[in-house]
Amino acid sequence: MRDEQIHEAIAILNEAVKAWVSPAVTIVATQGHDPFKVLVSCILSLRTRDQTTAEASSRLFALADTPQKMAHLTVAEIEQAIYPVGFYRVKAEQIHAISQSLCDLYQGAVPEDLETLLTFKGVGRKTANLVVTLGFGKPGICVDIHVHRICNRWGYVKTNTPEQTEFALRKKLPDQYWIIINDLLVTFGQNQCTPVSPRCSTCPLYQLCDRVGVSKSR
DNA sequence: AAAACGGGGGC
DNA sequence: GCCCCAGTTTT
């Protein structure tokens with residue numbers, strides 16, 4: 001895909017996602033934009049399906065929906081609430097530790113800047129950028145495995161890691177798409193441009209896509 | 001029964 | 001760079 005074709009690709013994607021029910025970022029649809037909830041839900045979502053994440057978030061936030069309340073729960077209580085999300089033990093410890101840090105060091109508020117967010121254990125670039133964009137409505141590029149895979153399949157970027165994709169997109173992608181790119185591509189990635197056997201024969205972006213590294217498709 | 005799965009930390 | 005973390009869904 002050539003650089004100037006990104007506008008056309010995004011326009012096609014905007015139409016295509018209307019056909020799919022599940023919102024890409026279930027977090028916001030079910031839990032709202034509160035930065036603390038976005039942060040916690042995003043941690044819960046790692047290697048875990050949307051619906052499982054949403055249900056676990058609801059159970060946890062019923063017990064504690066602020067850093068103050070969360071810090072007063074025990075790790076065991078958090079574990080019990082979030083089971084069966086993947087890696088529930090590590091996640092429970094991370095959520096507890098982050099909540100305590102927020103109370104002790106940041107007056108119980110979630111920091112708004114990327115660099116501070118990245119200092120927390122359990123918060124990497126994907127999570128931090130999601131908090132910045134969804135939680136605070138500020139520009140950011142949240143690159144998960146779908147964004148990384150699809151941008152490389154298109155041939156729009158040529159990178160080896162999601163972090164490299166984030167930096168490449170930050171340079172190339174027009175500002176107006178920064179916040180929506182994750183939402184669009186996650187939905188597209190779940191329904192059409194799947195990791196294994198993508199549905200190329202029915203893809204609305206077939207002509208724009210280089211299909212880099214696609215061996216099997218349907 | 002395998003493979004696949006919406007990252008991140010520790011080393 | 002490599003290995004670990006876990007339960008669920010898809011093939």
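The chains referred to below are lettered A, B, ... by the order of the sequence lines, with proteins before strands, and numbering in each begins at 1.
With values rounded to the nearest 0.5 angstrom, Leu134(A) atom CG is found 8.5 Å from Cys42(A) atom SG. Here the straight-line distance linking atom NZ of Lys126(A) with atom NE2 of His148(A) works out to 14.5 Å at 0.5 Å rounding.
Sorted by first then second residue, the ring pair (Phe, Tyr, Trp, His ring centres under 6.0 Å) pairs that include residues 85-121 of chain A, not counting sequence neighbours, are Tyr83(A)-Tyr88(A), Tyr106(A)-Phe120(A).
Distance, Leu118(A) CG to dG9(B) C1': 13 Å, rounded to whole Å. Distance Ile98(A) CD1 to dG7(B) C1': 13 Å, rounded to the nearest Å. Taking atom CD1 on Ile43(A) and atom P on dG7(B), their separation rounds to 14 Å, with Å as the unit. The interatomic distance linking Lys91(A) (NZ) with dG9(B) (C1') rounds to 14 Å, in whole Å. Following rounding to the nearest Å, Gln190(A) (CD) and dA4(B) (P) show an atom-to-atom distance of 18 Å.
Between Asn152(A) and Val212(A), the closest side-chain pair of non-hydrogen atoms is not below 4.5 Å. A heavy-atom distance below 4.5 Å is not found between the side chains of Tyr177(A) and Leu169(A).
At the heavy-atom level, Phe188(A) lies nowhere under 4.0 Å from the strands shown. Ser197(A) comes within 4.0 angstrom of no nucleic acid atom, judged by non-hydrogen atoms across all strands. Within 4.0 Å (heavy atoms only), Pro195(A) reaches sugar-phosphate atoms of the nucleic acid but no base atom.
Along DNA chain B, the nucleotide nearest to Thr194(A) and the one nearest to Gln94(A) differ in position, and the one closer to the 5' end is contacted by Thr194(A).
A distance of about 22 Å separates the P atoms of dT8(C) and dG8(B), rounded to the whole Å.
Annotation for Gln176(A): atom CD counts as buried by contact number, over 12 foreign heavy atoms lying within 6.0 Å.
Counting only N and O atoms by type, the side chains of Glu79(A) and Thr74(A) include no donor and acceptor under 3.5 Å apart. Under the 3.5 Å distance criterion, with hydrogens and angles disregarded, a donor-acceptor pair is assigned to the side chains of Thr159(A) and Thr165(A).
Between the side chain of Ser201(A) and the main chain of Arg218(A), a donor-acceptor pair closer than 3.5 Å is present.
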Reading 5' to 3' through nucleotides 4-11 of chain C, protein heavy-atom contacts under 4.0 Å coded B for base, S for sugar-phosphate only, - for none | -BBSSS--
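Within residues 139-161 of chain A, no residue has any heavy atom under 4.0 Å from DNA chain C.
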